[in-house]
Amino acid sequence: MILHELISYDVLRLTWWALLGVLLVGFALTDGFDLGTGALLPFVARSDIERRTAINTIGPVWEGNQVWLILGGGAIFAAWPQLYAVSFSGFYLAMFAILFALILRPVAFKFRSKREEPAWRSRWDWALFVGGFVPALIFGVAMGNVLQGVPFRIEKDMQIFYDGSFFGLLNPFALLCGLVSVAMLVMHGAAWLQLKTSGAVAERARRFGIVAALLTVALYAAAGVLLANFVTGYAITSHIDTAGASNPLLKSAVAQGGAWLANYTSHPTLWVVPALGLAGPVIAAICLAARCPLAALLAGGAGITGIVTSVGVSMFPFILPSSVDPSASLTVWDSSSSHLTLFIMLVSTVIFMPLVLAYTSWVFSVLRGKVDPDAIKDGKSHAY
C-alpha cells in the first residue's frame, strides 16, 4: 500500500476542512486582539505616553500573530485551490483594502516615534486605527457574503467566472456581519489592554470592552435570526462521492430557505457552538466589569471561537456556495487538492504546527506582565 493511502481521501478532506477552521480561529484569537487594540487606540489613550503604553502591548507580538493569517491563506491555496481562485479573485478589491490596512500597521509602528511633533504622531495613531478597524470590518463582511452565496459560475471546461462587484459585497446582512466582527475584536482588544496596562488606559478599555461585548451578543443574535429566517441557504440534492474527483460540477444543489439550520436539526448537539458564541461575550462583559482581565480575555476568546466556528458548522459541507449556479458551489468533497497533496501537507502540519504553538507560548511567557509607562519614558526596555 502506498503510504498516503493509509488515510482515506474523504478523511483527509474533512481533516483539512477542520484545520482551515483552526487556522481562522487562531488568527481571530491572536491577531484579533491586535486589531481590537488598534481600533481602540484613539479612544482609550489620550496622552502620548498612554498611546505608547497601548502600542507597546501589541508591538512585540503583532508580527508573530499575523503568521496565522499567512498560514490560513497558504492552506487555502494548497488544500482548496478552487476556493483560493474564486475568493481571492472575486474579493480582490476587498483583499487589497485589507492588505493596505495591514501594511499601515508596521509602517506606523516604525515611523510614529521618529518625530516628536504631536501632529505627526497623531497621524500615525489614526493609521493604526485604520489598520485595526478596516480588516476587522472587511473580514466580517466577507463572511456575511459567503453565507449568502457568492456570484460565481464554473463552465464545463472548469473556467471560473466571477459576476459580482465590490459594492455588491456591501449589502445589509454582510455589513451586519462586519459589525459583529468589529465588536467581538474590540471586546478582545479591550480585555487585552486591561490585562497588559494599568491606570486610565485600563479603565477606559474596561468600559469600552463591556459595551463591545454586549454589542457582540446583540449583533450576533440579530445575525442569527436573519440567517434563519431571511437569508437563503444551500442544500445538495444529489449523491456526492466523498472520495471522488474534485469536480464541483458532478453534483446538484439548490438555494433553499432555512438550509443553514439543517445541520443543527440533524445534530442538536451542534447548538453548543452558537451558544458558546453568545455566552462567551456575556461572561467576558461580567469579567471586565469585575476587573478580571485574564478571565475576560479567555471568555471573549471562547466566544470568538464559537462565532467563527458557527459559520463553518452551519455551512458544512459547503465552503463557498454560488448564488448564480448553486450546483457549481464548492464543497469539502469536491474542491480539494489531490489525495497525495493533502497527505503531504498533513504530515508537514503535524511536524511544524507544534513548533509554532511552542514558540508562540514561549513569546507570550517572556512578555507576560503589564507594560510600565515609567520604563517607556526611560526608553530602555520598550521599542515603541
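Side chains included, hydrogens not; waters and symmetry mates left out as well; all remaining heavy atoms used.
A donor and an acceptor atom, one from each side chain of Ser246 and Arg13, are located under 3.5 Å apart. Side chain to side chain, Tyr264 and Ser314 meet the donor-acceptor criterion of an N or O pair below 3.5 Å. Residues Thr331 and Asp334 bring a donor and an acceptor atom of their side chains to less than 3.5 Å of each other.
Distance alone, capped at 3.5 Å, places no donor-acceptor pair between the Ser335 side chain and the Trp80 backbone. Formation of a donor-acceptor pair under 3.5 Å by the Ser252 side chain with backbone atoms of Ser327 is not found in this model. Here the side chain of Ser266 pairs no donor or acceptor atom with the backbone of Asn263 at under 3.5 angstrom. No side-chain donor-acceptor contact under 3.5 Å links Arg153 to the backbone of Tyr162. Listed for the Trp192 side chain is no donor-acceptor partner under 3.5 Å among the backbone atoms of Thr37. Judged by distance alone, with hydrogens and angles left aside, the side-chain atoms of Thr216 form a donor-acceptor pair with the main-chain N or O of Met184 at under 3.5 Å. In this structure a side-chain-to-backbone donor-acceptor pair under 3.5 Å is missing from Trp126 to Pro42. Lys196 places no side-chain N or O within donor-acceptor distance of the main-chain N or O of Lys370, the cut-off being under 3.5 Å. No donor-acceptor distance shorter than 3.5 angstrom exists from the side chain of His188 to the backbone of Gly300, with no hydrogens or angles considered. Here the side chain of Asn171 pairs a donor or acceptor atom with the backbone of Ala174 at under 3.5 angstrom.
Applying the 6.0 Å contact sphere to CZ of Arg115 captures more than 12 heavy atoms from other residues, nucleotides or ligands. Heavy-atom contacts from other residues, nucleotides or ligands closer than 6.0 Å to CD of Glu116 number 12 or fewer. For CZ of Phe88, the number of neighbouring non-hydrogen atoms (other residues, nucleotides, ligands) closer than 6.0 Å is greater than 12. Residue Phe43 places its CZ atom among more than 12 non-hydrogen atoms of other residues, nucleotides or ligands, all under 6.0 Å distant.
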Between Trp68 and Leu29, does the side-chain contact (heavy atoms from CB on, under 4.5 Å) criterion hold? Intermediate values first, please. CA-CA 10 Å; Trp68 290 94; Leu29 292 179; over 6 Å; no
Please evaluate residues Ser122 and Glu117 with respect to the criterion side-chain contact (heavy atoms from CB on, under 4.5 Å), reporting the C-alpha separation (whole Å), side-chain torsions for both, the decisive distance (0.1 Å), and the verdict.
CA-CA 9 Å; Ser122 177; Glu117 290 87 344; over 6 Å; no
#### Entry: Stepwise side-chain contact (heavy atoms from CB on, under 4.5 Å) test for Val211 and Leu215
CA-CA 6 Å; Val211 174; Leu215 280 175; 4.0 Å; yes
**Message:** Run the side-chain contact (heavy atoms from CB on, under 4.5 Å) test on Val311 and Val146 for me, step by step, so that the C-alpha distance in whole Å, both residues' side-chain angles and the decisive distance to 0.1 Å come before the verdict.
**Reply:** CA-CA 9 Å; Val311 176; Val146 169; 5.6 Å; no
Could you walk me through whether Arg105 and Glu63 pass the salt bridge (Lys or Arg N to Asp or Glu O under 4.0 Å) check?
-> CA-CA 10 Å; Arg105 194 162 51 169; Glu63 203 166 13; over 6 Å; no
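Note: the hydrophobic cluster containing Trp124 does not contain Val130 (ILVMFWY, side chain heavy atoms under 4.5 Å, direct or indirect links). Leu83 and Ile70 end up in different hydrophobic clusters when Ile, Leu, Val, Met, Phe, Trp and Tyr side chains are linked at under 4.5 Å. Linking Ile, Leu, Val, Met, Phe, Trp and Tyr whenever their side-chain heavy atoms come within less than 4.5 Å puts Ile138 and Met95 in one cluster. With hydrophobic clusters built from ILVMFWY side chains whose heavy atoms lie under 4.5 angstrom apart, Val324 does not share a cluster with Leu320. When hydrophobic clusters are built by joining Ile, Leu, Val, Met, Phe, Trp and Tyr residues whose side-chain heavy atoms come closer than 4.5 Å, directly or via intermediates, Ile58 is not grouped with Ile103.
Side-chain contact between Pro274 and Tyr220 is present, with at least one heavy-atom pair separated by less than 4.5 Å. Side-chain contact between Ser181 and Met143 is absent, with no heavy-atom pair separated by less than 4.5 Å.
With rounding to the nearest 0.5 angstrom, the CG atom of Leu99 is 8.0 Å from the CG atom of Leu69. Summarising the geometry, atom CG belonging to Leu137 is positioned 11.5 Å from atom CG belonging to Leu35; distances are rounded to the nearest 0.5 Å. Once rounded to the nearest 0.5 Å, the distance linking CD1 of Ile154 with CG of Leu330 reads 5.5 Å. Distance CG/Leu288 to CD1/Ile283: 12.0 Å, rounded to 0.5 Å. For the atom pair CG of Leu19 and CE of Met353, the computed distance is 7.0 Å after rounding to the nearest 0.5 Å. Between atom CG of residue Leu227 and atom CE of residue Met315 there is a gap of 10.0 Å, rounded to the nearest 0.5 Å.
Residues Ala200 and Glu50 share a closest heavy-atom pair of CB-OE2, 3.7 Å. Between Asn145 and Gly168, the closest heavy-atom pair is OD1-O, 4.1 Å. Annotation for Leu147 and Val231: closest pair O-CG1, 4.1 Å, computed over non-hydrogen atoms. Residue Ala28 comes nearest to Ile304 through the heavy atom pair CB-CG2, 3.7 Å, listed as atom of the first residue, atom of the second, then distance. When all heavy atoms of Leu20 and Gly72 are compared, the pair lying nearest together is CD1-O, 4.2 Å. A pairwise comparison of heavy atoms in Cys287 and Ala295 identifies SG-CB, 3.7 Å as the closest pair.
For Phe27 and Phe139, the ring centers sit closer than 6.0 Å to each other.
For Asp48 and Arg112, the salt-bridge test passes: some basic side-chain N is under 4.0 Å from an acidic carboxylate O.
When Pro248, Pro317, Ser322 are each tested for a side-chain contact (heavy atoms from CB on, under 4.5 Å) with Ser329, only one passes: Ser322.
Ring geometry for Trp362 against Tyr359 counts as tilted: the plane angle lies between 30° and 60°, on a 0 to 90° scale. Taking the six-membered ring where the residue is Trp, Trp260 and Tyr234 present tilted rings, their angle falling between 30° and 60°.
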